[in-house]
Amino acid sequence: MATLLRTLRFTGFTLLEYARSGRIVLELIATAAYFYIFLFRWPLDGAYFFTAVGVFLPLLMLYTMSAMVGLGDRPQGYLVLARRLGRGSYLLGLFLSAMLVAGSVYGLLSALTALINPASGLGPGGWLRGSLPLLLNTGLLGALLLMLSPLVFPTGWRLFVLGLVALAFSGNFISGSIREQLQSQFAPAYTVLTSVQAL
């Protein structure tokens with residue numbers, strides 16, 4: 001319980017530092033501009049809304065997680081680690097901070113759309129069915145970005161993980177007997193990564 005409370009306190013501290021750094025202003029401006037260009041100017045249906053937001057939210061997560069890793073890699077962060085906050089809690093706090101920012105932006109886009117330009121045929125059940133996969137994909141991307149940061153893996157392991165990801169996404173480029181040999185040798189890792197790609 002004490003570890004959870006320390007993690008939540010660190011998450012709040014990170015969000016406060018993030019807001020004080022002024023980076024949140026860029027995200028709010030980008031959100032307002034994206035809403036005006038893609039969600040405000042013409043009639044919407046549910047499929048278009050989730051497609052449009054499904055492009056914006058991962059890009060936002062890319063920026064947010066990069067900024068959070070930058071905040072976490074400062075010398076002040078090591079002082080926090082020295083005060084009985086474990087490395088896992090530290091990384092989880094950075095991840096939760098980025099997810100809260102992305103989730104808040106998604107909530108803001110959804111609220112603006114529902115109030116100003118409602119999507120036709122999209123009830124509460126449709127919002128829930130569309131929102132869950134979108135937020136899960138955003139969380140997976142954030143976790144992958146954090147895992148590939150210098151805070152988690154050294155350079156050699158990061159290159160190895162990137163190679164596995166490239167192998168998973170190269171299904172269209174590798175064919176024939178080479179693919180069969182790779183799948184037989186790396187079947188478990190390949191199956192996991194292709195199932196993540198399918199999400």
Side-chain angles (χ1 to χ4, degrees), residues 4 7-73 90-149 151-152 165 168-169 193-199:
L4 178 63
T7 303
L8 292 177
R9 273 195 215 109
F10 175 67
T11 302
F13 170 75
T14 305
L15 285 172
L16 185 63
E17 284 294 303
Y18 189 71
R20 283 188 351 178
S21 71
R23 292 182 176 105
I24 195 87
V25 175
L26 291 174
E27 291 175 341
L28 291 175
I29 291 171
T31 302
Y34 197 84
F35 173 76
Y36 178 73
I37 294 170
F38 294 101
L39 300 173
F40 176 68
R41 298 172 61 181
W42 38 68
L44 297 180
D45 62 355
Y48 175 79
F49 172 78
F50 288 115
T51 302
V53 177
V55 170
F56 177 68
L57 212 57
L59 292 174
L60 182 83
M61 178 54 91
L62 183 68
Y63 170 77
T64 305
M65 186 54 80
S66 300
M68 290 295 176
V69 167
L71 282 176
D73 204 17
Y90 188 74
L91 295 173
L92 185 60
L94 293 176
F95 173 74
L96 289 176
S97 301
M99 276 304 293
L100 284 171
V101 171
S104 300
V105 166
Y106 175 70
L108 178 65
L109 280 174
S110 298
L112 287 173
T113 302
L115 293 173
I116 297 173
N117 190 16
S120 61
L122 192 60
W127 281 104
L128 186 62
R129 284 192 303 272
S131 299
L132 270 174
L134 182 60
L135 291 173
L136 283 173
N137 283 341
T138 305
L140 281 172
L141 176 64
L144 179 66
L145 292 172
L146 183 61
M147 187 177 69
L148 293 176
S149 72
L151 294 172
V152 179
V165 171
F169 283 99
L193 290 172
T194 51
S195 63
V196 169
Q197 177 192 3
L199 292 176

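Heads up: numbering here begins at 1 and tracks the sequence.
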Which distance, rounded to the nearest 0.5 Å, do you find between the [atom1] of [X] and the [atom2] of [Y]?
| X | Y | atom1 | atom2 | answer |
| --- | --- | --- | --- | --- |
| Leu108 | Thr113 | CG | OG1 | 9.0 Å |
| Thr7 | Leu92 | OG1 | CG | 5.5 Å |
| Met65 | Leu144 | CE | CG | 10.0 Å |
| Leu15 | Leu71 | CG | CG | 10.0 Å |
| Arg129 | Leu134 | CZ | CG | 15.0 Å |
| Thr14 | Arg9 | OG1 | CZ | 13.5 Å |

Between Trp127, Phe35, Phe56, which is the residue that forms a ring-ring contact (aromatic ring centres under 6.0 Å, His included) with Phe49? Trp127

Only counting residues at least two apart or in another chain, list the ones meeting salt bridge (charged side-chain N to carboxylate O under 4.0 Å, His left out) with Glu27. none

Checking side-chain contact (heavy atoms from CB on, under 4.5 Å) for the pair Met68/Val101: CA distance, chi angles, key distance, verdict? CA-CA 10 Å; Met68 290 295 176; Val101 171; 4.1 Å; yes

Of all residues at least two apart in sequence or in a different chain, which pass the ring-ring contact (aromatic ring centres under 6.0 Å, His included) check with [X]?
| X | value |
| --- | --- |
| Tyr18 | none |
| Tyr63 | none |
| Phe95 | none |

Thr64 side-chain N/O to Met99 backbone N/O, donor-acceptor pair under 3.5 Å: no

ring-ring contact (aromatic ring centres under 6.0 Å, His included): pairs with one or both residues in residues 103-123, sequence neighbours excluded: none

After noting the C-alpha distance and the side-chain angles of Leu122 and Phe50, does the key distance pass the side-chain contact (heavy atoms from CB on, under 4.5 Å) rule? CA-CA 11 Å; Leu122 192 60; Phe50 288 115; 3.8 Å; yes

Closest approach of [X] to [Y] (non-hydrogen atoms, all atoms of both residues):
| X | Y | value |
| --- | --- | --- |
| Phe38 | Tyr48 | O-OH, 2.9 Å |
| Ala119 | Gly46 | CB-N, 4.1 Å |
| Pro58 | Leu141 | O-CD2, 3.4 Å |

Tested for side-chain contact (heavy atoms from CB on, under 4.5 Å) against Leu39, the lone hit among Ile116, Asn117, Leu109 is Leu109

Taking side chain as C-beta onward, heavy atoms only, is Asn137 less than 4.5 Å from Leu57? no

For Tyr36, all residues meeting side-chain contact (heavy atoms from CB on, under 4.5 Å), sequence neighbours excluded: Phe40, Arg41

Apply side-chain contact (heavy atoms from CB on, under 4.5 Å) to Leu128 and Ser131, showing your working. CA-CA 5 Å; Leu128 186 62; Ser131 299; 5.7 Å; no

